[in-house]
Participant: 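Below: one structure in structure tokens.
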Amino acid sequence: MSLHRLAQGVLLPGFHGTSAPDWLVKRVADGLGGVVLFGRNVVDDAQVTALGAQLRSARADVVIGIDEEGGDVTRLDAGHGSEVPGNHALGAAGDPALTRAVAASMASRLAACGVSLNLAPSADLVLTLDDPVIGVRSFGSDPEVAGEHVAAFVDGMQAVGVAACAKHFPGHGASTVDSHAALPVLPRTAAELAEVELAPFRAAVAAGVRSIMTGHLVVPEWGPEPATLNPAALRVLREDLGFTGAVITDGLDMKAVGGDLAQGSVRALVAGVDALCLGGEPLDDDGLRWLVDAIVAAVESGVLPRERLEEAARRTAALGTPPSAVEGHDPSLGLKAARAALEVRGALRLSGPPVVVDLAVEPSIAVGDVPWGLGPYLEELVPGTSVVASASAPEIAAAAAGRPVVVVTREAHRFPWARDVVTSLAKIGLDLVHVETGVPGPDLGATARVDTHGGSRVCLRAAAERIAAATSSR
């Protein structure tokens, strides 16, 4: 096989459009490893199915990947919110069998769309409330319990033939920096990692996960390079954890790895990574040619051994096996799981239709611009509900005019202005319900607290149902 075809075979770029441009179809036919789909590539399931068929008509075993974690991170449902809760809600529900069932239902939907690789689940832990990027994407804080859910998710996903991908090795849990914007240095020793953060990855490996994604994270004892570019990190994954499948990078366009795609691609391959995820910033044919030429030049100069490139291309290709579409997608399962995840504290009793305030914050890059907010659901379920724009506590109290107030946040503990609005409303003495859709933080003094453990469509619906049931019709 030619060097150029081998170099193409490790690339998983993103692209613009809801159908494959001609240059991309030709690249697939010539050996491009595959693609990663984002919300910009999705209209609905039928369109994704047609896109998948278009790509597979060029080459049957092309890798078609997607970031469909469920919950807050969704691509198939980017326009209206996920039909399933995310990992934190599944962890809160506390039933690995339910997690497996949700993953299997997701996989059936993905398989029907022609997707062969799902870049999920997140095997990261919640180890600090200041984490800006993982949050409800994690199954929780307990490494063993999270590991049970990671294994269940992997098993459910792969039982349908869609490859799962445990991420972001060695774990974002202790980081307070978003690697989309800067390079996190984990305040952890190698021994601490081995005991805590690596436990869910071990569970994934034991469950037979077919791929693992590296995080752009520095572990000081492993050296100054992030795990994606660090041979020591890859040795831990291969030798200590015994992983033999494909290692995929997190987005190489992220600022944590410097933003130089060509240099990052070569360094990742030399370190031991197999597939290069390039999807965040869409590429065109010229961009791919530049990357292929850089990889070929690295082999010809002796920087990258040909055998290493051949190994990487072989492992990447193994993720392109087309899944067999099976009946098993259950659209009702997500709401069942979201209801099981709900946690209510305090006296949830409303004297009448409430005023709802959704305190929207800027979502992380991983989540993107997905619809969020409880107001529309309560308007539907409780006639007479009013939704007011985010405002100061005195303005909200004036708008309520004695009615109950439902204030909705996403990790209020990380946003002082949102936290201040909730605590100020509580001090005013209103009949106040605080709905937290992120990782639950400290109690802020509301009459009642509802934790959804996620902001997906079904999590919000489940919360609205519970509040509606507690609202007096007088």
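Residue numbers start at 1 and run along the sequence shown.
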Participant: Can we say Arg410 and Asp72 salt-bridge, meaning some charged N sits less than 4.0 Å from an Asp/Glu carboxylate O?
Facilitator: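 Here Arg410 pairs with Asp72 in a salt bridge, since their nearest N and O are under 4.0 Å apart.
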Participant: How long is the gap from CE on Met157 to CG on Leu117, to the nearest 0.5 Å?
Facilitator: 10.0 Å
Participant: Would you list the pairs meeting side chain to side chain donor-acceptor pair (under 3.5 Å) in which at least one residue belongs to residues 391-404, sequence neighbours left out?
Facilitator: Ser386-Arg403, Ser392-Glu395
Participant: Could you pull out all residues at least two apart from Arg449 that satisfy side chain to side chain donor-acceptor pair (under 3.5 Å)?
Facilitator: Asp451
Participant: Kindly compute the distance separating CD (Glu197) from CG (Leu217), expressed to the nearest 0.5 Å.
Facilitator: 9.5 Å
Participant: Does any pair with a residue in residues 363-385 pass salt bridge (charged side-chain N to carboxylate O under 4.0 Å, His left out), and if so which ones, sequence neighbours excluded?
Facilitator: Glu380-Arg461
Participant: Can you list every salt bridge (charged side-chain N to carboxylate O under 4.0 Å, His left out) pair that touches residues 104-113, not counting sequence neighbours?
Facilitator: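 Non-adjacent pairs meeting salt bridge (charged side-chain N to carboxylate O under 4.0 Å, His left out): Asp45-Arg109, Asp77-Arg109, Glu83-Arg109.
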Participant: For residues Ser138 and Asn87, determine if any side-chain heavy atom of one lies less than 4.5 Å from a side-chain heavy atom of the other.
Facilitator: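 A side-chain contact is absent here, since even the closest heavy-atom pair is not under 4.5 Å.
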Participant: Would you check if Leu125 and Ser141 make a side-chain contact, meaning some heavy-atom pair closer than 4.5 Å?
Facilitator: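 When only atoms from C-beta onward are counted, Ser141 and Leu125 do not touch, as no gap falls below 4.5 Å.
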Participant: Output, in order, the C-alpha distance, side-chain angles, deciding distance and verdict of side-chain contact (heavy atoms from CB on, under 4.5 Å) for Ile467 and Val382.
Facilitator: CA-CA 9 Å; Ile467 294 169; Val382 183; 5.7 Å; no
Participant: If you compare all heavy atoms of Ala163 against all heavy atoms of Leu319, which two are closest, and at what distance to 0.1 Å?
Facilitator: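 The answer is CB-CD2, 4.0 Å.
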Participant: Tell me which pairs pass salt bridge (charged side-chain N to carboxylate O under 4.0 Å, His left out) where either residue lies in residues 161-170, with sequence neighbours left out.
Facilitator: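 Pairs touching residues 161-170 that pass the test: Asp67-Lys167, Glu69-Lys167.
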Participant: Report yes if the side chains of Val154 and Pro121 come closer than 4.5 Å at any heavy-atom pair, otherwise no.
Facilitator: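 They are in contact (side-chain heavy atoms under 4.5 Å apart), so the answer is yes.
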Participant: Distance check, rounded to the nearest 0.5 Å: Asp253 atom CG versus Cys277 atom SG?
Facilitator: 7.5 Å
Participant: In chain order, what residues pass the ring-ring contact (aromatic ring centres under 6.0 Å, His included) check against Phe153, with sequence neighbours excluded?
Facilitator: none
Participant: For Asp420, check salt bridge (Lys or Arg N to Asp or Glu O under 4.0 Å) against everything at least two apart and list the hits.
Facilitator: none
Participant: Suppose the criterion is salt bridge (charged side-chain N to carboxylate O under 4.0 Å, His left out): which pairs have a residue in residues 147-160, not counting sequence neighbours?
Facilitator: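 Salt bridge (charged side-chain N to carboxylate O under 4.0 Å, His left out) check on residues 147-160 returns Arg100-Asp155.
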Participant: Answer yes or no: are there more than 12 heavy-atom neighbours, outside Glu343 itself, under 6.0 Å from its atom CD?
Facilitator: yes
Participant: Distance from Leu51 atom CG to Leu37 atom CG, nearest 0.5 Å?
Facilitator: 5.5 Å
Participant: Could you state the interatomic distance from OG1 (Thr409) to CG (Leu374), rounded to the nearest 0.5 Å?
Facilitator: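 It is 11.0 Å, given to the nearest 0.5 Å.
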Participant: What is the distance from atom CG of Leu460 to atom OG of Ser82, rounded to the nearest 0.5 Å?
Facilitator: 11.0 Å
Participant: Taking ring pair (Phe, Tyr, Trp, His ring centres under 6.0 Å) as the cut-off, I'd like each qualifying pair that reaches into residues 348-391, sequence neighbours left out, listed once.
Facilitator: none
Participant: Closest heavy-atom contact between Pro404 and Pro353?
Facilitator: CD-O, 3.9 Å
Participant: I would like to know whether Ile248 and Cys165 meet side-chain contact (heavy atoms from CB on, under 4.5 Å); could you show each step before the answer?
Facilitator: CA-CA 8 Å; Ile248 304 174; Cys165 179; 4.2 Å; yes
Participant: In the structure I gave you, are the side-chain heavy atoms of Pro200 and Phe139 within less than 4.5 Å of one another anywhere?
Facilitator: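 Pro200 does not reach Phe139 side chain to side chain.
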Participant: Give a yes or no on this: more than 12 heavy atoms of other residues, nucleotides or ligands lie within 6.0 Å of atom CZ of Arg349.
Facilitator: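 For Arg349, atom CZ is not crowded (no more than 12 foreign heavy atoms under 6.0 Å).
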Participant: Could you work out, with ring-ring contact (aromatic ring centres under 6.0 Å, His included) as the rule, every residue matching His453, not counting sequence neighbours?
Facilitator: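 Checked His453 against ring-ring contact (aromatic ring centres under 6.0 Å, His included); matches are His88.
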Participant: Looking at residues at least two apart in the chain, or sitting in another chain, which of them share a side-chain contact (heavy atoms from CB on, under 4.5 Å) with Thr447?
Facilitator: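 side-chain contact (heavy atoms from CB on, under 4.5 Å) list for Thr447, sorted by chain: Asp431, Leu432.
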Participant: Looking only at side chains, do Thr452 and Glu436 share a donor and an acceptor under 3.5 Å apart?
Facilitator: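 No, no side-chain donor-acceptor pair sits under 3.5 Å.
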Participant: Relative to the ring of Phe201, is the ring of Phe169 parallel (under 30°), tilted (30 to 60°) or perpendicular (over 60°)?
Facilitator: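 Answer is perpendicular, since the angle exceeds 60°.
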Participant: For Ala268 and Leu276, which heavy atoms make the closest approach, and how far apart are they?
Facilitator: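 Heavy atoms of Ala268 and Leu276 come nearest at CB-CD2, 4.0 Å.
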Participant: Could you check if a side-chain atom of Leu342 sits within less than 4.5 angstrom of a side-chain atom of Val450, using non-hydrogen atoms only?
Facilitator: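 Leu342 vs Val450: side chains touch.
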Participant: Is the shortest side-chain heavy-atom distance between Val361 and Arg414 below 4.5 Å?
Facilitator: no
Participant: So which heavy atom on Leu335 is nearest to which on Val458, and how close?
Facilitator: CD1-O, 3.6 Å
Participant: Is there a side-chain contact between Val439 and Glu411, using heavy atoms and a 4.5 Å cut-off?
Facilitator: yes
Participant: Do the side chain of Asp274 and the main chain of Thr316 share a donor and acceptor less than 3.5 angstrom apart?
Facilitator: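 No, the answer is negative, given that no donor and acceptor are paired below the 3.5 Å cut-off.
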Participant: State, yes or no, whether a side-chain contact exists between Arg210 and Ile212 at a heavy-atom distance under 4.5 Å.
Facilitator: no
Participant: Applying side chain to side chain donor-acceptor pair (under 3.5 Å), which residue pairs with at least one partner in residues 112-128 are found, sequence neighbours left out?
Facilitator: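 Every side chain to side chain donor-acceptor pair (under 3.5 Å) pair that includes a residue of residues 112-128, provided the two are not neighbours, is Ser122-Asp124, Asp124-His168.
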